[in-house]
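The structure appears right after this line, and notes come after that.
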Amino acid sequence: MAGAVDGLFWFLAALSAALSVLIFGLLIAFAIRYRRRAPGERAGVARIPLGLELAWTFIPLGIVLAIFGWGAELFIRQLTPPPGAMTVYALGRQWMWEVQHLGGRREINELHVPTGRPVRLIMTSEDVIHSFFVPAFRVKRDVLPGRYTTLWFDAVRAGEYHLFCAEYCGTKHSAMIGRIVALPPEAFGTWLARDEGDAGQPLATAGERLFGALSCTTCHGRDDTRGPSLNGLFGRAVRLRDGSVTTADEGYLRESILQPAAKVSAGFRDEMPPYQGRLSELQVLQLIAYIQTLGAAAPP
Amino acid sequence: MTDADADAETDTGTATTAATVTTDAAGAKSYLNAGFGVTSWLLTRDHKRIGILFLVTLTLFFFVGGLFAVLMRIELLTPPGEIFQSETYNKLFTMHGVIMIFFFLIPSIPTVLGNFLIPIMIGARDLAFPRLNLLSWYVFVAGGLFTLAAVVAGGVDTGWTFYTPYSSVYANSRVVLAGVGVFISGFSSILTGLNFLTTIHTMRAPGLTWFRLPLFVWSIYATSIIMVLGTPVITITLVLLLLERTLQIGFFNPSLGGDPVLFQHLFWFYSHPAVYIMILPGMGVISELIAAFTRKRVVGYPFIAFSSIAIAVLGFLVWGHHMFVAGQSVYAGMVFSLLSFLVAVPSGIKVFNWTATLYKGSVSFQTPMLYAFGFIGLFTIGGLTGLFLAAMGLDIHVHDTYFVVAHFHYIMVGGMVMAFLGGIHFWWPKITGKLYPEGWGRLSALIIFVGFNLTFFPQFILGYLGMPRRYHAYPEELQILNVLSTAGASILGVGYVIPLIYLFWSMRYGRTAGANPWAAQGLEWQVPSPPPVDNFETRPTVTDEAYAYPMRGDPAVQEGMRKTTEMPP
């Protein structure tokens, strides 16, 4: 993706340079050729044909429409992670990045990723708005409190890259930085399996324990009983009580845990208690990771 | 003499030194000699004096805002950020932004040159509501005092954008004071915009049809539409922000049930059009300068006039391009991106028409024209780099980096401040009756052009390399470009101080200008310099198009000024 972004950048740089040379060249040429030679000099009559006015109205219009299309197409590609992307969770808070791998490893201001495999980040903030920015990968996405935003990139070459917070977030905004460490797949596998004192349980395991502790199973069981069954829910289309349809992605699960009344599934009553303020962002992530493991098979 | 005139006479009656009052040939007192006491200025309803009041106030704010910029650039000489605390640095860029945007750029050309020139350019005695005009200045000063009080009381550290929930919950600085200051100053914009709209609609001289208006008047008209329609939105947004901050009423804070992105929508709904409040009057000034210093009617007059209106209208519909990465829907983003690209078309029309005006013109290189050249060059670069930012896929990378900082400074400082200085130099002889030293004028225009480019061009590269804006400390590999930028800023600073000195100097020692030192067309050049209190002895009647310069080999156009005849009593 970085190459594709640079392609547009350098195209625009070349276009800008060409137009600047044209305009500055004409300005300078006219200014010299038609400089005032005597104080009382008059200007000559010069008719600008209407065709010329129309040309410099509609040719630029065509050019900018083309650039619009190019930029929009690129944007959509940058928003759509390829299948098989590795999911990692990131929490922004004043003034640090906390990264949680599915397997349980946790990092502060660092993110280890494998090369050659797309990485998809699901991000939220615990306080103000931050923005996850990796210049080398040409990616940036605001990290907002109260919702998930996502971003994906593909580290082609192994190495270390800057990670910046790009949305002003208070006193130590410029210290909310870190690094992305891209490792070859084998080295990354080794890193992921290692425990440097930061590894907790795999997220899904912690989520399963929490799921039990919160007695979620009372309503969300093997079948639709009081609450809808969560088996095979993730990624599926869900019909809501008001007739609309939504996709059960991370954002939907988060909202339905914290504020269940916002989107109630068709055929169910709005009776689940809201967990807003009772769960940390990490706990919500654990529950979501667990729910994703619930395939069509009955929960163990 | 009307009742209003008689009113004005008694109000400015503190001029007990009337014996020393100089009069021009026609026997009318110049507006500068119509009274000398403090109250003759502070209670004046003369649009020209109110323009001067604004000029003095804005100059003060410009140099205060500039001082903050200098301190920032000094800090950024070295990567680790070792001179100021992070907190102090954050306050510096916030106050720089708040003061420059709300207390210099937005009011600059409309309140100074607009106030001084609009009535004269349309052949009127004053603006439609002289008292409202004075009120506008007082409201502006009140807003400015609140903002300065916020600086003195410890400063604000939210960035000029006041993004929530940082500003409404987390910031420990004088957000309320500064917010109230900006809130109040907004009313000044509304009053001034309303006054211009009414005046331009109802008080044009006989014969002065819309398409005979100077292009400066068109640009101020377009600007006033934005001021009147847009400013209430920022006003109410600040009220919501202050309510959330003081009373914890949830609008933007998600933990109170609010939506932080809603603030950004509301903020930019005004603040993007505000960019056009800042640049449109500059474009108007440039049209006047190009005409006067090529002695030609500007090519494509109706295209330039309508492109101002097009920019004002489109400008209201592009605010979401500030939020491509903020979590806004993709489809909304695409609409905003498309509309943003459309703004490029009317902007391009202006640049092409200005350039074409030089063709077969009689081009002189006096100071105001140097500023006009500078404007076209820098605005072109600023506008073209806007295409990078409007392209969604590319904006992801350069958003919130120094690329954006460079882009908007090319428009705001390279464009707007150049136009402001060009206009001040062009009309200075009219305003003061004195000529400034031409050599110093050209020198400082050159210094500003060089200093500006050295300051801001490296910032495009910094942004592409990924340096985020509002960073107190930065990676070491970016130091060289930052040092270049700071070096440029010191040159730029010198460039701005020189005109301040020689313009002041010229008020006392400058040569007498005469009514029309540039041999320019336009009603303002037909009245004495400085203009008399009532502008015109008798109401002028306009029979020609704007910029009716006599042309080579065109006997149809008579030598001399725009033809005017006295109106029958």
Side-chain angles (χ1 to χ4, degrees), chain A residues 5 8-9 12 16 19-20 23-24 26-27 30-31 34-36 41-46 48 53 56-57 60-61 64-65 67-68 70-76 78-79 94 127-129 131 133 135 138-142 144-147 149 162 164 166-175, chain B residues 86-87 90 159 163 165-166 170 254 260 294-296 299-300 303 325-327 330 334 337-338 341 344-345 348-349 351-352 355-356 358-364 373 376-377 380-381 384-385 387-388 391-394 396-397 399-400 465-466 468 470-473 475 549-554:
Chain A
V5 173
L8 180 52
F9 182 90
L12 284 176
S16 301
L19 277 171
S20 301
I23 291 166
F24 303 163
L26 284 175
L27 272 180
F30 288 160
Y34 300 109
R35 68 189 179 279
R36 188 172 298 168
E41 189 188 67
R42 295 178 182 187
V45 179
I48 301 294
E53 286 281 358
W56 67 47
T57 304
L61 179 65
V64 295
L65 288 180
I67 304 170
F68 159 73
W70 188 343
E73 189 271 339
L74 193 58
F75 185 78
I76 290 170
Q78 281 160 302
L79 281 196
Q94 286 179 326
D127 38 52
V128 304
I129 299 175
S131 190
F133 178 30
R138 312 284 187 261
V139 292
K140 180 185 293 116
R141 192 85 180 157
D142 283 6
L144 299 151
R147 76 168 80 157
T149 52
H162 284 299
F164 295 128
E167 184 63 69
Y168 175 68
C169 60
T171 307
K172 298 211 182 299
H173 169 54
S174 60
Chain B
S86 290
E87 208 181 342
N90 296 344
Y163 270 18
Y166 183 69
Y170 293 86
T294 57
R295 297 203 173 141
K296 269 183 75 185
V299 166
F303 292 93
V325 301
V330 181
M334 286 174 68
S337 169
L338 179 64
F341 276 111
V345 175
I349 287 174
V351 170
F352 291 126
T355 307
L358 265 62
Y359 176 64
K360 291 196 177 175
S362 170
V363 185
S364 88
F373 279 125
I376 297 176
T380 299
I381 294 175
L384 287 168
T385 50
L387 298 180
F388 292 63
M392 303 168 78
L394 185 49
I396 290 183
H397 176 53
H399 177 76
D400 266 335
L465 295 176
R470 299 170 170 175
Y471 259 36
H472 172 225
Y549 285 91
M551 308 296 274
R552 204 159 57 226
D554 181 5

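What's counted below: heavy atoms across the whole structure, side chains too, no hydrogens, waters or symmetry copies. Quick caveat: nothing in here was measured; it's all calculated off a predicted structure. Below, chains carry the letters A, B, ... as their sequence lines are ordered, and counting in each starts from 1.
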Review point. Stepwise, does the side-chain contact (heavy atoms from CB on, under 4.5 Å) test hold for A:Trp56 with B:Thr355?
Key: CA-CA 12 Å; A:Trp56 67 47; B:Thr355 307; over 6 Å; no
**Study point:** Test log, rule side-chain contact (heavy atoms from CB on, under 4.5 Å), inputs B:Val299 and A:Glu53
**Key:** CA-CA 9 Å; B:Val299 166; A:Glu53 286 281 358; 3.8 Å; yes
Review point. Given A:Lys172 and A:Gln94, is the side-chain contact (heavy atoms from CB on, under 4.5 Å) satisfied, shown in steps?
Key: CA-CA 8 Å; A:Lys172 298 211 182 299; A:Gln94 286 179 326; over 6 Å; no
**Study point:** Derivation of the side-chain contact (heavy atoms from CB on, under 4.5 Å) call for A:Ser16 and B:Phe388
**Key:** CA-CA 10 Å; A:Ser16 301; B:Phe388 292 63; 3.4 Å; yes
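Put simply, the residue from B:Tyr163, B:Tyr170, B:Tyr471, B:Tyr166 that forms a ring-ring contact (aromatic ring centres under 6.0 Å, His included) with A:His173 is B:Tyr471.
B:Ala344 touches chain A through its side chain: at least one heavy atom from C-beta onward sits under 4.5 Å away, while N, CA, C and O do not. Contact of A:Ile129 with chain B is made through backbone and side chain together, with heavy-atom distances under 4.5 Å. Interface residue A:Phe133: only side-chain heavy atoms are found under 4.5 Å from chain B. Only the side chain of B:Phe303 comes within contact range of chain A, with heavy atoms under 4.5 Å apart. Interface residue A:Phe9: backbone and side-chain heavy atoms are both found under 4.5 Å from chain B. The contact between A:Ile48 and chain B is made entirely by side chain atoms (from C-beta outward), counting heavy-atom distances below 4.5 Å. Of the atoms belonging to A:Ile67, heavy atoms from both backbone and side chain fall under 4.5 Å from chain B. Of the two parts of A:Glu73, neither the backbone nor the side chain holds a non-hydrogen atom closer than 4.5 Å to a non-hydrogen atom of chain B. With a 4.5 angstrom heavy-atom cutoff, B:Thr380 touches chain A only via side-chain atoms.
Of all the listed residues (A:Ser131, A:Pro60, A:Ala46, A:Gly146), the one sharing the greatest number of non-hydrogen pairs under 4.5 Å with chain B is A:Ala46. Note: A:Thr57 leads A:Leu79, A:Thr57, A:Ile76 in heavy-atom pairs under 4.5 Å with chain B. No other option in A:Ser174, A:Pro135, A:Ala72, A:Gly71 has as many heavy-atom pairs under 4.5 Å with chain B as A:Ser174. Of the listed residues (A:Ile23, A:Thr149, A:Leu65), the one with the most heavy-atom contacts under 4.5 Å to chain B is A:Ile23. Interface remark: of the candidates A:Tyr34, A:Phe30, A:Phe24, A:Tyr34 forms the most heavy-atom pairs closer than 4.5 Å to chain B. If you tally non-hydrogen atom pairs under 4.5 Å between each of B:Gly327, B:Gly159, B:Gly348 and chain A, the highest count goes to B:Gly327.
Residues meeting the side chain to side chain contact (heavy atoms under 4.5 Å, CB included) test with B:Glu87, sequence neighbours left out: A:Thr171, B:Lys91. Not a single salt bridge (charged side-chain N to carboxylate O under 4.0 Å, His left out) links A:Glu41 to another residue, sequence neighbours left out.
Closest approach of A:Glu167 and A:Asp142 over heavy atoms only: OE1-OD2, 3.7 Å.
Taken from CG in B:Leu358 to CG in A:Leu26, the straight-line distance is 9.5 Å, to the nearest 0.5 Å.
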